[in-house]
2 protein chains.
Amino acid sequence: MALGDLSQSLGYRIRRAQLWVFRDVSQRLAPFDISPAQFSVLSVIDANPGVNQLAVAQVLSIERAGLGRMVDHLERRGLATRAESSINRRYYLLYLTRKGAELLGRLKPMIAESETSLAKKMGSRAYKQFQRTLSIFLEG
Amino acid sequence: MALGDLSQSLGYRIRRAQLWVFRDVSQRLAPFDISPAQFSVLSVIDANPGVNQLAVAQVLSIERAGLGRMVDHLERRGLATRAESSINRRYYLLYLTRKGAELLGRLKPMIAESETSLAKKMGSRAYKQFQRTLSIFLEG
DNA sequence: TATTGTTATACTCTATAACTATA
DNA sequence: TATAGTTATAGAGTATAACAATA
């Protein structure tokens with residue numbers, strides 16, 4: 001069985017690598033009922049307490065409408081809160097609750113394990129070079 | 001604005017790289033009303049005339065149910081056909097129609113352009129090393 | 001006028017299970 | 001019993017536009 005043109009496509013290989021990572025991360029986070037996307041939002045709020053929704057959507061390069069629903073979900077689970085801004089009343093200031101911060105603390109080792117398994121699969125030398133090269137995709 | 005834990009995650013960078021590639025490919029294929037996933041199926045059928053659906057799903061690492069619907073769609077558009085197997089009547093033998101083969105011929109240069117833009121963004125040296133390293137994700 | 005967030009809609013993907021027909 | 005394919009369903013992700021409130 002041949003992949004045809006796909007076998008020469010780096011874009012397709014990146015897609016397959018991403019699927020591998022996504023499945024690995026999903027399995028490790030499943031016991032906590034957290035998706036990779038939810039982890040990413042918790043991480044950004046944790047790193048930027050009081051951030052507003054649009055800024056989170058922009059740094060993650062996702063749509064604000066989808067992020068709003070994600071925050072609804074995190075709020076319903078008691079992991080994050082929306083506070084009103086006294087400076088700009090269009091903003092919601094996002095914070096992790098204590099419960100959210102505690103959960104994130106337990107998720108971090110799972111993500112670290114996933115990174116380790118990825119480094120093992122790729123080889124640590126390639127892992128480091130990839131880190132450098134792929135940083136260009138974090139903007140835009 | 002900080003990404004928090006994500007900034008140290010290669011898995012997340014791979015995700016962002018994949019999003020970049022996906023958007024680039026989608027834009028280039030949009031004039032033909034073809035998605036990246038549809039292109040991948042056309043490529044595999046082209047490279048393996050008479051292949052059955054399960055084999056296509058397996059080589060692309062996707063679900064057979066989803067692939068069935070994709071083939072429905074390609075068949076309705078006159079790009080692929082299902083033929084009955086005289087050897088094993090559970091099989092559908094998949095082929096590109098002439099129209100499908102002609103379309104694929106016009107899509108290939110678009111994908112090649114996307115690969116070029118990716119190589120330019122990453123640097124050709126990294127592009128080549130990535131090709132080698134990421135081949136491990138093509139199985140399983 | 002432009003920005004932040006919400007709502008609604010629709011489409012795609014993904015995952016699962018149950019079903020058929022064939023082997 | 002196992003395999004190839006279909007059908008149905010539900011959930012998640014994505015994209016869009018229209019809208020309200022605020023700047």
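The sequence lines fix the lettering, A, B, ..., with proteins before strands; numbering per chain opens at 1.
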N-O pairing of Lys108(A) and Asp46(A) below 4.0 Å: yes
Residues which pass salt bridge (Lys or Arg N to Asp or Glu O under 4.0 Å) with Arg89(B), listed by chain and number, not counting sequence neighbours: none
Is any side-chain heavy atom of Val59(A) closer than 4.5 Å to one of Leu138(A)? no
Does Ala37(A) offer a backbone N or O that forms a donor-acceptor pair with the side chain of Ser40(A) under 3.5 Å? yes
Please say whether the positively charged group of Arg16(B), taken as NZ for Lys or CZ for Arg, lies over the ring of Phe137(A), i.e. under 6.0 angstrom from the six-membered ring centre and within 45 degrees of the axis. no
For Glu63(B), check salt bridge (Lys or Arg N to Asp or Glu O under 4.0 Å) against everything at least two apart and list the hits. none
Expected output is a numbered-order residue list: members of residues 32-49 of chain B with a heavy atom under 4.0 Å from any atom of DNA chain C. What is it? Ser35(B), Ala37(B)
Apart from Tyr95(B) itself, residues in the same hydrophobic cluster as defined by side-chain heavy atoms under 4.5 Å: Tyr91(B), Leu93(B)
What is the distance, rounded to the nearest whole Å, between atom CG of Leu19(B) and atom P of dG13(D)? 12 Å
Nucleotides bounding contact with chain A, strand DNA chain C, heavy-atom threshold 4.0 Å: dA2(C) to dT14(C)
Can you build the contact string for nucleotides 4-9 of chain D? Use B for base contact, S for sugar-phosphate-only contact, and - for no protein heavy atom under 4.0 Å. BBSBBB
Could you verify whether a donor N or O on one side chain and an acceptor N or O on the other, from Arg64(A) and Gln53(A), lie under 3.5 Å apart? no
Around Glu84(A), counting heavy atoms of other residues, nucleotides and ligands shown, do more than 12 lie under 6.0 Å from its CD? no
Before giving the answer on side-chain contact (heavy atoms from CB on, under 4.5 Å), spell out for Ile111(A) and Val25(A) the whole-Å C-alpha distance, their side-chain angles and the decisive distance to 0.1 Å. CA-CA 7 Å; Ile111(A) 298 299; Val25(A) 170; 3.9 Å; yes
